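Worksheet for the structure shown next.
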Amino acid sequence: MSAPTMIGILGGGQLGRMLALAGYPLGFRFRFLDTAPDAPTGPLGELFVGDFRDSEVLARFLDSVDVVTYEVETIPEATARFAEERCPVRPGPRALAVSQDRLVEKRFLESVGVPIAAFAAVESVEELRDGLAATGLPAVLKTRRLGYDGRGQCVVRTWEDAARAYQSLGGADLILERFVPFDREVSILSVRGLDGEVRFYPLVENRHEGGILRLSRAPAPASTDLQAEAERFARAVLENLDYAGVLAIEFFQLGDRLFANEMAPRVHNSGHWTIEGAETSQFENHLRAICGYPLGSTQCVGRSAMVNLIGTVPSTQAILSVPGAHLHLYGKTEKPGRKLGHVTLRDDDPESLRAGVERITAAVGAALDPV
Ligand code: AMP
């Protein structure tokens with residue numbers, strides 16, 4: 001019998017934790033590299049602690065695994081290139097490079113035929129002025145790098161707003177985007193295997209507050225045309241990047257049109273419902289893909305809703321008293337705005353699913369409108 005595949009995950013957060021939880025039943029083993037000694041993956045496999053740019057710790061980590069993947073897209077591209085010389089890195093470094101810079105990402109999406117809202121690079125006050133002429137007002141000014149969960153961005157409604165935001169965001173390495181008055185936000189999770197096979201999960205409807213995902217509902221009520229369009233866009237990205245693994249693309253929907261907001265070269269928060277709500281979870285499918293195994297079915301098992309637990313951990317008693325609630329806690333300490341866990345509800349009946357979400361949001365203390 002051959003030794004179990006040792007999967008190395010760059011990043012030790014909740015996504016790495018859920019990857020490992022999905023991978024143990026298949027016989028995979030895991031090692032993690034993270035900067036934090038108390039990373040959420042701690043209980044699930046050996047944790048190497050160090051900076052992603054530290055070639056000594058990186059080399060030790062890489063020499064101890066068979067394949068490398070990542071659970072955050074802030075891993076430096078140089079780290080992925082260094083890793084690639086020692087073992088397979090999936091998805092490859094190009095996917096990482098494209099998705100960690102909003103400007104590169106927008107240009108890439110445009111180049112493969114994925115619609116996006118008007119945008120402009122901003123490196124100076126002149127470019128800010130020209131950019132606003134192109135996007136119109138309101139617009140959103142964002143840092144090109146390291147912005148996530150609504151951080152590093154400002155909605156600007158006037159020239160004065162824009163000038164202030166420009167200063168507060170550092171005055172360089174910025175991107176200006178047209179503000180999309182979307183009807184709703186949706187995302188598509190897709191997966192591509194080493195042999196090029198591609199599968200798609202159904203569109204998910206997402207509700208953000210303060211830039212952070214609060215609630216996902218799957219499948220999103222959507223026409224087959226909308227689903228087909230999202231699949232076409234995801235396929236274009238996957239094939240162009242010769243991608244292996246799970247990819248998420250977030251869209252703004254305006255009428256029957258989709259505009260991509262961003263992509264994530266990894267498993268994604270809007271796919272957590274797949275643990276209970278799909279034949280094969282996004283986590284298992286990512287592992288199957290990067291290890292060269294056949295992909296699993298992406299069929300839904302009924303309807304699901306996922307509520308994120310943000311800032312404070314609610315009472316386990318209160319959550320588990322809601323029939324059908326599946327609680328996932330990430331083992332993180334409480335902090336405002338931090339994702340600490342999620343709850344998935346599965347119910348074939350839309351009315352009782354809605355009632356369940358209301359009970360969960362009440363237990364969480366969130367003031368979300370019901371789905
Ligand atoms: P992001 O960090 O780019 O995913 O943005 C976080 C959230 O801010 C999105 O999910 C939207 O709700 C909102 N947002 C970002 N960019 C835009 C935009 N161009 N137009 C409208 N809303 C936006």
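Model, not experiment: these values are computed from the prediction. Each ligand, and each atom within it, is numbered from 1 in the order the structure gives.
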As an exercise, identify every atom of ligand 1 less than 4.0 angstrom from a heavy atom of [X].
X      : value
His208 : 10 (O)
Lys142 : 3 (O), 15 (C), 16 (N)
Gln153 : 1 (P), 2 (O), 3 (O), 5 (O), 6 (C), 8 (O), 15 (C)
Glu185 : 9 (C), 10 (O), 11 (C), 12 (O)
Glu177 : 16 (N), 19 (N)
Val140 : 17 (C), 18 (C), 19 (N)

What about Phe182 and Phe259, are their ring centers closer than 6.0 Å?
no
Option nearest atom 23 (C) of ligand 1 (shortest heavy-atom distance, choices Phe252, Phe179, Phe119, Phe251):
Phe252
Any N or O on Glu250 sitting closer than 3.5 Å to an N or O of ligand 1?
no
Is there any N or O on Val180 that sits under 3.5 Å from an N or O of ligand 1?
yes
Pick one of side chain, backbone, both or neither for how Asn206 approaches ligand 1, counting any non-hydrogen atom pair under 4.0 Å.
neither
In a table with atom names and distances, give each donor-acceptor pair under 3.5 Å that connects a side chain of residues 103-115 to protein atoms at least two apart or in another chain.
from, atom 1, to, atom 2, distance (Å)
Glu105, OE2, Met263, N, 3.1
Lys106, NZ, Glu177, OE2, 2.8
Lys106, NZ, Asn261, O, 3.2
Ser111, OG, Phe108, O, 2.6

Regarding His286 and Thr69, do their side chains bring together a donor and an acceptor under 3.5 Å, going by distance alone?
yes
Going by atom types alone, do His208 and Glu185 pair a side-chain donor with an acceptor below 3.5 Å?
yes
When you look at CZ of Arg184, are more than 12 heavy atoms from neighbouring residues, nucleotides or ligands closer to it than 6.0 Å?
yes
Could you go through residues 189-199 and list every donor-acceptor pair under 3.5 Å that involves a side-chain atom there, pairing it with any protein atom two or more places apart or in another chain?
from, atom 1, to, atom 2, distance (Å)
Ser190, OG, Leu247, O, 3.3
Arg192, NH1, Asp242, OD1, 3.0
Arg192, NH1, Tyr243, O, 3.0
Asp195, OD1, Glu197, N, 3.0
Glu197, OE2, Arg199, NE, 2.9
Glu197, OE2, Arg199, NH2, 3.0

Backbone N or O of Leu295 within a donor-acceptor pair of the Asn285 side chain at under 3.5 Å?
no
